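Counting starts at 1 for both ligands and their atoms, in listed order. Here the structure is a predicted model, which means the values were calculated and not measured.
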Amino acid sequence: LIWDAVIVGAGAAGIFAALRAKQLEPSFQVLVLEKAPKPLRKVAISGGGRCNVTHDCDDLDFLIGCYPRGGPRLESILTRFMPYDTVDWFQSRGVPLKTEADGRMFPKSNKSQSVIDCLLGEAQRFGVEVRTRVGVTNVAGRSGEFRVQTAQEDLRAKRVLLATGGASKANEWLRAFGHELVEDIPSLFTFCCTHPAIVGLQGLSVERVRLSLQTQPGFESEGPFLITHWGVSGPAVLKLSAFAARVLAELSYRARMQCDLLPHLDSSEVESRVRGLSASGKQVSTLNPFPEIPKRLWQRLLMVAGVGENQHWRKLKDHALVSLTQTLKSLALDIDGKGVFKDEFVTSGGVPLHEIDVYTMESRKAPGVFVAGELLNVDGITGGFNFQNAWASGFVAGEGLVL
Ligand SMILES: Cc1cc2nc3c(=O)[nH]c(=O)nc-3n(C[C@H](O)[C@H](O)[C@H](O)COP(=O)(O)OP(=O)(O)OC[C@H]3O[C@@H](n4cnc5c(N)ncnc54)[C@H](O)[C@@H]3O)c2cc1C
């Protein structure tokens, strides 16, 4: 038997591609091979078991801006299958979605299993064959006559789609096909940091901060900020980790970051607010003029600024007020390593989009070889963007396979 297409990897991208191909061409003989005991393992664990399926956003510029590695070529892929198409796709198949305040979209059931049941139900309905516990060891050959090797048997296929996710064996096969892969490095991680302003304050958060990484080039991000056991996390940190992933890797995750804890106020406003209390007889530690900063963090910031906790506002000297303003507006934190973000983790790197025909996801180096999902050099920030890339590139690849 020569399969019309063999898809390697039963993740979001591989399954979605198979479904699209079968929907367009019911007689298309497609086989999906998965090394794990079950398909869609990452969907199962994603978003803390809830699966952040996509992001509520129909503005293409905003969407593209959420992918540190993507750019205009990704635009061609995403326009074929936008987040609202994802919403329609699942809702019309009995998986209603809901949007959270920050734009993340989840199944209303709050269970990633609803997403899995839907995808596998569709696979069954369309007659997509998925074989699990079949690890592919090599893919070679050329269009019309590929050999897909597994521990069990050698399969033959006219076309192959590689959808093996980040950092996999497929990198070797793709290199043999002539691709120059971008080196895999992690994206979406937390920062280790032991600055006295934050040590021991795990669990405290600030609603909005602006972070500026003092690297060449520099990077900035804004958003919620969370203090953890080992350092800092939260959307502002994760976004920065994604955009600066490569630079930070080169620096072995050591860099200085400036933290503006009051980005909605400029320095003069902050200074005038602290000066406004200079007639007060209250202690600086108990009278905090910035309700956005939690009490225990405020007390630490006073210490870092060299202002004694028991001092009274009216006794503060001019230089203390200036130092406090500086600490609040540009606290310098030294990043000393990378932590893990358990809810979502992606690999940056893989097949560069310029080596792919983005209208079909077919390799420009090896006709008949298609690539989709995280194996591409595309990755998004947290919020459902990584699955959106998997759905969209899988959808385009599914169409490409049957062309
Ligand atoms: C803990 C966690 C939580 C996440 N949460 C979210 C989230 O909520 N929202 C979001 O947008 N993104 C999330 N992500 C990212 C998202 O899961 C990935 O970007 C997405 O799964 C990529 O899809 P994919 O199909 O390209 O790859 P994968 O989902 O990784 O699927 C690839 C499949 O290929 C199989 N495979 C690999 N090599 C072989 C081989 N040689 N032979 C056979 N099979 C093989 C693998 O076993 C795997 O099943 C999360 C990631 C993690 C790790």
Q. For Arg142, does the CZ atom sit with more than 12 other heavy atoms under 6.0 Å from it, leaving out its own atoms?
A. no
Q: Please write down residue, atom name and distance for the protein heavy atom closest to atom 4 (C) of ligand 1.
A: Asp343 O, 3.2 Å
Q) Closer than 4.0 angstrom: is that true for some heavy atom of Arg41 and an atom of ligand 1? A) no
Q) Who's the nearest protein heavy-atom neighbour of atom 1 (C) of ligand 1, and how far? A) Lys342 O, 3.5 Å
Q) With a cut-off of 6.0 Å (strictly less than), are more than 12 heavy atoms of other residues, nucleotides or ligands near NZ of Lys38? A) no
Q. Considering only heavy atoms of Ser46, which atoms of ligand 1 have at least one such atom less than 4.0 Å away?
A. 3 (C), 4 (C), 5 (N), 6 (C), 7 (C), 8 (O)
**Q.** Closest approach of any protein heavy atom to atom 21 (O) of ligand 1, naming residue and atom
**A.** Phe387 CE2, 3.4 Å
Q | Gly47 N/O to ligand 1 N/O under 3.5 Å | A | yes
Q) Counting heavy atoms only, which of Lys42, Glu374, His55, Met105 comes nearest to atom 30 (O) of ligand 1? A) Lys42
Q.
Within ligand 1, which atoms have a heavy atom of Ile45 less than 4.0 Å away?
A. 1 (C)
Q) Does the N or O separation between Gly166 and ligand 1 drop below 3.5 Å for any pair? A) no
Q | N/O separation below 3.5 Å, Ser168 to ligand 1 | A | no
(Q) If you count heavy atoms of other groups shown closer than 6.0 angstrom to CD of Glu100, is the number above 12? (A) yes
Q | Short N or O distance, Glu34 and ligand 1, threshold 3.5 Å exclusive | A | yes
Q) Just which atoms of ligand 1 are under 4.0 Å from any heavy atom in Leu33? A) 43 (C), 44 (N)
Q: May I ask you to identify the nearest protein heavy atom to atom 44 (N) of ligand 1, giving residue, atom name and distance to one decimal place in Å?
A: Lys35 N, 3.1 Å
Q) More than 12 non-hydrogen atoms from neighbouring residues, nucleotides or ligands closer than 6.0 Å to CD on Glu183, yes or no? A) no
**Q.** Nearest-option assignment for atom 32 (C) of ligand 1, heavy atoms, candidates Pro37, Ala163, Gly9
**A.** Ala163
Q. So, Glu355 versus Ser363: side-chain donor-acceptor pair below 3.5 Å or not?
A. no
Q. Would Arg175 count as a cation-pi partner of Trp173, with NZ or CZ less than 6.0 Å from the six-membered ring centre and within 45° of the ring normal?
A. no
Q) Are Tyr253 and Phe191 near enough that their ring centres are under 6.0 Å apart? A) no
Q. CD of Gln124: more than 12 outside heavy atoms within 6.0 angstrom?
A. no
(Q) As an exercise, identify every atom of ligand 1 less than 4.0 angstrom from a heavy atom of Thr164. (A) 32 (C), 34 (O), 37 (C), 38 (N), 39 (C)
Q | Heavy-atom proximity to atom 31 (O) of ligand 1, best of Gly11, Ala36, Ser187, Ala17 | A | Gly11
Q: May I ask whether Val53 has any heavy atom positioned less than 4.0 angstrom from an atom of ligand 1?
A: no
Q. Tyr67 versus Val378: any side-chain heavy-atom pair under 4.5 Å?
A. yes
Q. How long is the gap from CD1 on Ile381 to CG on Leu240, to the nearest 0.5 Å?
A. 11.5 Å
Q. Any idea which atoms of ligand 1 are less than 4.0 Å away from a heavy-atom of Ala12?
A. 25 (O)
Q) What protein heavy atom is closest to atom 27 (O) of ligand 1, reported as residue, atom name and distance in Å? A) Gly165 CA, 3.3 Å
Q: Could you list which atoms of ligand 1 come closer than 4.0 Å to a heavy atom of Asn52?
A: 7 (C), 8 (O), 9 (N), 10 (C), 11 (O)
Q. Quick check, are the ring centers of Phe81 and Trp89 under 6.0 angstrom apart?
A. no
Q) At what distance is the nearest protein heavy atom to atom 15 (C) of ligand 1, and which residue and atom is it? A) Val346 CG1, 3.7 Å
Q) N/O of Ala390 under 3.5 Å from N/O of ligand 1, yes or no? A) no
(Q) Surrounding NE2 of His264 (heavy atoms of other residues, nucleotides or ligands, distance under 6.0 Å), is the total greater than 12? (A) yes
Q. What's the shortest distance from atom 41 (N) of ligand 1 to any protein heavy atom, and which residue and atom give it?
A. Val136 O, 3.0 Å
Q. Backbone or side chain, does any N or O of Lys169 fall under 3.5 Å from an N or O of ligand 1?
A. no
Q: Would you mind listing which atoms of ligand 1 come within a distance below 4.0 Å of any non-hydrogen atom of Gly373?
A: 26 (O)
Q) Around atom CZ of Arg156, are there more than 12 heavy atoms of other residues, nucleotides or ligands at under 6.0 Å? A) no
Q | Stepwise salt bridge (Lys or Arg N to Asp or Glu O under 4.0 Å) check, Asp336 with Arg254 | A | CA-CA 5 Å; Asp336 182 23; Arg254 281 186 176 74; 3.1 Å; yes
Q. Side chains of Glu292 and Glu207: does their closest heavy-atom pair fall under 4.5 Å?
A. no
Q | Heavy atom of the protein closest to atom 14 (N) of ligand 1 (residue, atom name, distance) | A | Glu344 CG, 3.4 Å
**Q.** Contact partition for Leu40 relative to ligand 1, non-hydrogen atoms under 4.0 Å
**A.** neither
Q: Check each atom of ligand 1 against the heavy atoms of Phe385 and keep those under 4.0 Å away; list them by number with element.
A: 11 (O)
Q: Please tell me if the side chains of His195 and Val304 come closer than 4.5 Å, counting only heavy atoms from C-beta onward.
A: yes
